[in-house]
Amino acid sequence: RLVRLRQRLAGSNALGRGLLGLLSREQLDEDTWEAIEDLLLAADIGVAPTQELVERLRERLRVEGGSPDARTVLREELIALVDPAMDRTLRVSGEGEAPGVVLVVGVNGTGKTTTVGKLARILVADERRVLLAAADTFRAAAADQLSTWGERVGVEVVRGPEGGDPASVAFDAVKEGRDTGVDTVVVDTAGRLQNKAGLMDELGKVKRVIEKQSPVTEVLLVLDATTGQNGLIQAKVFAEVVDVTGIVLTKLDGSAKGGIVVAVQRQLGVPVKLVGLGEGPDDLAPFDAAAFVDALLG
Ligand code: GDP
């Protein structure tokens, strides 16, 4: 898996190689430290974490003197930054008759529907009974796309009429899930960002009607890594309207902005639980900080 992660993170790899090259210089002068800062900022780690990391690196290289192994120091400090004490367990089990419900939210185009399909694949491989709900009723294409994923991974999809009430689709799906002994219902939602109050009403209602029958065990916010800090600003709106329990960072393959992992965890106070590494059904993986840093360092 690490090999695949390395290949997929080819874009971010440039960050690791660049940092190692600079840190291994014989003279670490101010220009070099500035170049290190520039690299970290370009990878979207964010201003405060960049400054913290640079300070930690300077301190360690000074204290440990001689020629400490730059790779080891960098690896340790990056892992500390990427992996603050956060629980990354994915909660997908319900209670008794009630299935666990995973609500997937985020701006359109970030990879929500694809993530729902891939997540279903992981859960099915784990021998769970899964049902999908197409609660993005505004775009017929979205429900069609989810149905295609359902066929692909062998999971039934509950959908409603186009333009229908998203909460009613979610309600029907969870009811069907209860009645048929499903373990987990994954709900795909709409991601129009035109109006925060409207979004809050809609997601709030979807969540409330689900909770009449079953616990919402996870609210996963999908964020496109390639959109960097801009995407993060939009993602924050969702975090303000619904209690997000985990982040899915998609399109990490081919993105040079892997640093967004650090920024999103800091700014939202929520762990990255899953990462998207491609468009295929097997391209979703639990986030593993050490493997991620190793892939960055190549
Ligand atoms: P939604 O509008 O948020 O539901 O987004 P979609 O699921 O339709 O995804 C938008 C586009 O991003 C599609 O072309 C997906 O195939 C693509 N996509 C989703 N996740 C990933 C990923 O992890 N890596 C790559 N390279 N593409 C992805």
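Remember, it's 1-based here, ligands and their atoms both numbered in the order they're listed.
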key: Residue that, paired with Val102, satisfies side chain to side chain contact (heavy atoms under 4.5 Å, CB included) out of Leu119, Val187, Leu123   = Leu119
request  = Identify, for atom 2 (O) of ligand 1, the protein heavy atom at the shortest distance, and state residue, atom and that distance.
outcome  = Gly109 N, 2.7 Å
ask   = Pick one: which of Leu20, Leu296, Leu78 meets side chain to side chain contact (heavy atoms under 4.5 Å, CB included) with Leu15?
value = Leu296
Intermediate values then yes/no, side chain to side chain contact (heavy atoms under 4.5 Å, CB included), Thr189 and Val104 = CA-CA 6 Å; Thr189 62; Val104 182; 5.7 Å; no
message = Let's go through Val182 and Glu176 carefully: what are the C-alpha distance in whole Å and the side-chain angles of both, what is the deciding distance for side chain to side chain contact (heavy atoms under 4.5 Å, CB included) to 0.1 Å, and is it a yes or a no?
response = CA-CA 8 Å; Val182 157; Glu176 181 175 334; over 6 Å; no
Euclidean distance, Gln265 CD relative to Phe287 CZ, rounded to 0.5 Å = 6.0 Å
inquiry  = Against ligand 1, does Gly106 come closer than 4.0 Å with any heavy atom?
reply    = no
ask   = Any idea which protein heavy atom is nearest atom 16 (O) of ligand 1, and the distance to it?
value = Glu279 OE1, 2.5 Å
query = Are Ile233 and Phe238 grouped together when hydrophobic residues (ILVMFWY) are joined by side-chain heavy atoms under 4.5 angstrom apart?
reply = no
Sub-3.5 Å N/O-N/O distance, Leu252 and ligand 1 = no
ask   = Any N/O of Lys251 closer than 3.5 Å to an N/O of ligand 1?
value = yes
inquiry  = One pair to check against side chain to side chain contact (heavy atoms under 4.5 Å, CB included): Thr114 and Glu279. What are the steps and the verdict?
reply    = CA-CA 7 Å; Thr114 306; Glu279 297 186 88; 5.6 Å; no
ask   = So is Gly278 in contact with ligand 1, going by heavy-atom distances below 4.0 Å?
value = yes
task = Salt-bridge test for Glu30 and Arg58: reply yes if a basic N is under 4.0 Å from a carboxylate O, no otherwise.
result = yes
request  = Mind listing the closest non-hydrogen atom pair of Thr184 and Pro99 along with its distance?
outcome  = N-CB, 4.2 Å
request  = Determine whether the side chain, the backbone, both or neither of Leu277 has a heavy atom under 4.0 Å from any heavy atom of ligand 1.
outcome  = backbone
task = Drop me the distance from Leu19's CG to Leu53's CG, to the nearest 0.5 angstrom.
result = 7.5 Å
ask   = So is Thr115 polar-close to ligand 1, meaning N/O to N/O under 3.5 Å?
value = no
ask   = Is there a nitrogen or oxygen of Gln145 sitting under 3.5 Å from a nitrogen or oxygen of ligand 1?
value = yes
Under 4.0 Å to a heavy atom of Gly276 - the qualifying atoms of ligand 1, by number = 23 (O)
query = Taking non-hydrogen atoms only, is Asp253 closer than 4.0 angstrom to ligand 1 via side chain, backbone, both or neither?
reply = side chain
request  = Kindly confirm or rule out an N or O of Thr250 lying under 3.5 angstrom from an N or O of ligand 1.
outcome  = no
request  = Determine, considering heavy atoms only, which of Val275, Thr113, Leu249, Asp224 sits nearest to atom 4 (O) of ligand 1.
outcome  = Thr113
task = Examine the proximity of ligand 1 to Val107 and report which part, side chain or backbone, both or neither, has a heavy atom under 4.0 Å away.
result = backbone
request  = To the nearest 0.5 Å, tell me how far Leu131 CG sits from Asp172 CG.
outcome  = 10.5 Å
key: Shortest protein contact, atom 5 (O) of ligand 1 (heavy atom only)   = Gly111 N, 3.1 Å
remark   = Ranked by distance from atom 7 (O) of ligand 1, the top protein heavy atom is Thr114 OG1, 2.6 Å
Atom 3 (O) of ligand 1 [closest protein heavy-atom partner, distance rounded to 0.1 Å] = Lys112 N, 2.8 Å
